[in-house]
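Just so we're on the same page: letters track the sequence lines, and every chain starts at 1.
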Protein chains: 2
Amino acid sequence: MQHAYNVYEDRCPTRMVLDRLADKWAVLILDRLQDGPVRFNHIRRDIKGISQKVLSQTLRRLERDGLVSRSIFPTVPVTVEYALTPLGSTLTDTISALSHWAEKNMDAVLAAQHAYDQTRDAG
Amino acid sequence: MQHAYNVYEDRCPTRMVLDRLADKWAVLILDRLQDGPVRFNHIRRDIKGISQKVLSQTLRRLERDGLVSRSIFPTVPVTVEYALTPLGSTLTDTISALSHWAEKNMDAVLAAQHAYDQTRDAG
DNA sequence: CGGGATCCATATCGATACTG
DNA sequence: CAGTATCGATATGGATCCCG
């Protein structure tokens, strides 16, 4: 039989998974990892505005969810690399589609917002 | 020239757009609207666990962003239908890919979480 | 370098009450 | 039916300090 859950059900595992994916920082991080392993502070620098705490938390969650792997190299100081797991790789198309959509349609959204605000001001 | 912004820049329009899309409720609502116009309380019933306040707020944002249209029919009591705009329709493939991924890979994620928690308990 | 721990401001959400 | 307004709990995020 099929799953007893679907994404429309409350407090089901599927919803929990979606809850993780539908997170701005998670999307940005997964997107950033597409080209290969990246180190902690490298991600931190690339994704402007993310705090170290949030980056750390999000990476930990993605690791727990099996989407991202964490490799420690015993250099001095220590080197830590994050990379997509095979499972995480199956998400990249969707994730990058999302951020690319945002870039492509930014202008249309901005215009819509402006129009919406105009009608509100006038009304 | 291309846009001066990309999704990795802080406080840029692209990031704002992604911030809207990377929202669990927005994803669920857009997903629900794929099959045609739906009324407010219909969405509310279908998406288990969403409060009327959050549904209202999210719909308003999606409308402002030009992704969802709102049609009022002067029946008694009033009927309001929400539907995807043409712009919103360009998102449906990506959005449904996201929720479908969640449903398909739920088990793998759950297993990964379990394994992660095990190693943590043991260590 | 790669974080964990803590403190504090703010944002978010659920519940409730009220309206055209 | 389809909301808005308000209040209180809670979750989230930023800033800071510290450590191996």
Side-chain angles (χ1 to χ4, degrees), chain A residues 9-11 15-16 18-29 32-33 37-65 68-83 116-117 119-120 123, chain B residues 8-11 15-16 18-29 32-33 37-65 68-83 116-117 119-121 123:
Chain A
E9 296 296 325
D10 194 17
R11 297 171 179 283
R15 188 75 79 80
M16 290 175 62
L18 183 62
D19 212 2
R20 288 297 195 325
L21 300 182
D23 172 72
K24 179 181 65 173
W25 299 121
V27 169
L28 290 170
I29 291 171
R32 181 62 191 79
L33 292 182
V38 193
R39 294 168 61 180
F40 187 88
N41 279 322
H42 199 136
I43 305 176
R44 183 153 155 57
R45 275 191 302 273
D46 285 356
I47 300 180
K48 307 286 195 297
I50 194 170
S51 72
Q52 167 247 52
K53 177 186 176 182
V54 170
L55 176 56
S56 177
Q57 283 178 347
T58 309
L59 282 172
R60 212 64 64 233
R61 273 196 295 254
L62 292 173
E63 187 193 355
R64 188 172 107 98
D65 291 348
V68 163
S69 66
R70 181 170 179 267
S71 305
I72 311 175
F73 301 94
T75 53
V76 180
V78 69
T79 300
V80 179
E81 275 188 0
Y82 292 91
Y116 182 93
D117 294 344
T119 65
R120 266 216 136 189
Chain B
Y8 293 119
E9 296 297 323
D10 195 17
R11 298 175 177 282
R15 189 74 79 80
M16 291 175 61
L18 183 62
D19 212 2
R20 288 294 195 328
L21 299 181
D23 173 72
K24 180 181 67 174
W25 299 122
V27 168
L28 290 169
I29 292 171
R32 182 62 192 82
L33 293 181
V38 192
R39 295 167 63 178
F40 186 88
N41 280 323
H42 199 136
I43 305 176
R44 183 152 155 57
R45 275 191 302 274
D46 284 356
I47 300 180
K48 307 287 195 298
I50 193 170
S51 73
Q52 167 246 47
K53 177 187 177 182
V54 169
L55 176 58
S56 178
Q57 284 177 345
T58 309
L59 282 170
R60 213 64 64 233
R61 275 197 293 255
L62 292 174
E63 188 193 355
R64 188 172 106 98
D65 291 348
V68 161
S69 67
R70 181 171 179 268
S71 306
I72 310 174
F73 301 95
T75 53
V76 179
V78 69
T79 299
V80 179
E81 274 186 1
Y82 291 92
Y116 182 92
D117 294 345
T119 66
R120 263 217 138 190
D121 292 345

Quiz item: Are any of B:R70's side-chain N or O atoms less than 4.0 Å away from OP1 or OP2 of D:dG3?
Solution: yes
Exercise. Please work out if B:Y82 contacts a base, only the sugar-phosphate, or nothing of the nucleic acid, heavy-atom cut-off 4.0 Å.
Key: sugar-phosphate
Exercise. Measure from CG on A:L59 to P on C:dC1 and round the result to the nearest Å.
Key: 16 Å
Quiz item: Which heavy atom of A:V27 sits nearest a heavy atom of A:L21, and at what distance?
Solution: CG2-O, 3.5 Å
Quiz item: How is B:R44 classified with respect to the nucleic acid when contacts are heavy atoms under 4.0 Å: base, sugar-phosphate, or nothing?
Solution: nothing
Quiz prompt | Where A:D23 and A:A26 come nearest, the two heavy atoms and their spacing | solution = OD2-N, 2.9 Å
Kindly give the atom pairs (protein nitrogen or oxygen, nucleotide nitrogen or oxygen) under 3.5 Å for nucleotides 18-20 of chain D.
none

Between the protein and nucleotides 13-19 of chain C, are there any N/O to N/O pairs under 3.5 Å, and if so, what are the atom names and distances?
{"residue": "C:dC13", "atom": "N4", "partner": "B:K53", "partner atom": "NZ", "Å": "3.2"}
{"residue": "C:dG14", "atom": "OP2", "partner": "B:S51", "partner atom": "OG", "Å": "3.0"}
{"residue": "C:dG14", "atom": "O6", "partner": "B:K53", "partner atom": "NZ", "Å": "2.4"}

Quiz item: Rounded to the Å, how far apart are B:N41 CG and D:dA2 C1'?
Solution: 6 Å
Quiz item: Over its full length, what angle do the end axes of the helix from C:dC1-D:dG20 to C:dG20-D:dC1 make, each axis taken from five pairs and the result rounded to 10 degrees?
Solution: 50°
Exercise. Send over the distance from A:I47 CD1 to D:dG13 P, rounded to a whole Å.
Key: 14 Å
Quiz item: Does B:R60 have any salt bridge (charged side-chain N to carboxylate O under 4.0 Å, His left out) partners at least two apart in sequence or in another chain, and if so, which?
Solution: B:E63
Exercise. State whether the side chain of B:R15 and the backbone N or O of B:Y8 hold a donor-acceptor pair below 3.5 Å, judged by distance alone.
Key: yes
Exercise. Establish, with yes or no, whether the OP1 or OP2 oxygen of C:dC1 is under 4.0 angstrom from a side-chain nitrogen or oxygen of A:T75.
Key: no
Quiz item: Can you tell if the side chain of A:I50 reaches within under 4.5 Å of the side chain of A:I29, non-hydrogen atoms only?
Solution: yes
Practice problem: Give a yes/no answer on whether the side chain of A:R60 brings an N or O atom under 4.0 Å of OP1 or OP2 in C:dG3. | Solution: yes
Quiz prompt | With B:Q52 via side-chain contact (heavy atoms from CB on, under 4.5 Å) - residues at least two apart | solution = B:F40, B:R44
Quiz item: With sequence neighbours excluded, what pairs up with A:R32 under the side-chain hydrogen bond (donor to acceptor under 3.5 Å, both in side chains) test?
Solution: A:D46
Quiz prompt | A:R64: partners by side-chain hydrogen bond (donor to acceptor under 3.5 Å, both in side chains), with sequence neighbours left out | solution = B:D117
Quiz prompt | Inter-residue atom distance A:L33.CG - A:E81.CD, 0.5 Å rounding | solution = 10.5 Å
Quiz item: Can you list the residues that meet the side-chain hydrogen bond (donor to acceptor under 3.5 Å, both in side chains) rule with B:T79, with sequence neighbours excluded?
Solution: B:T75
Exercise. Name all residues meeting the side-chain hydrogen bond (donor to acceptor under 3.5 Å, both in side chains) criterion together with B:R39; count only those two or more places apart in sequence or in a different chain, and write none if there are none.
Key: none
Quiz item: Rounded to whole angstrom units, what separation is found between the CD1 atom of B:I43 and the P atom of D:dG3?
Solution: 9 Å
Practice problem: Look at the side chain of B:T58 and the backbone N and O of B:L55, then say whether any donor-acceptor pair between them is shorter than 3.5 Å. | Solution: no
Practice problem: Grab the CZ-P distance between B:R20 and C:dA11 for me, whole Å please. | Solution: 14 Å
Quiz item: Atom CD1 of A:I72 to atom P of C:dG4: distance rounded to whole Å?
Solution: 10 Å
Quiz prompt | Whole angstrom value for the distance that separates P of D:dA2 from CZ of B:R39 | solution = 4 Å
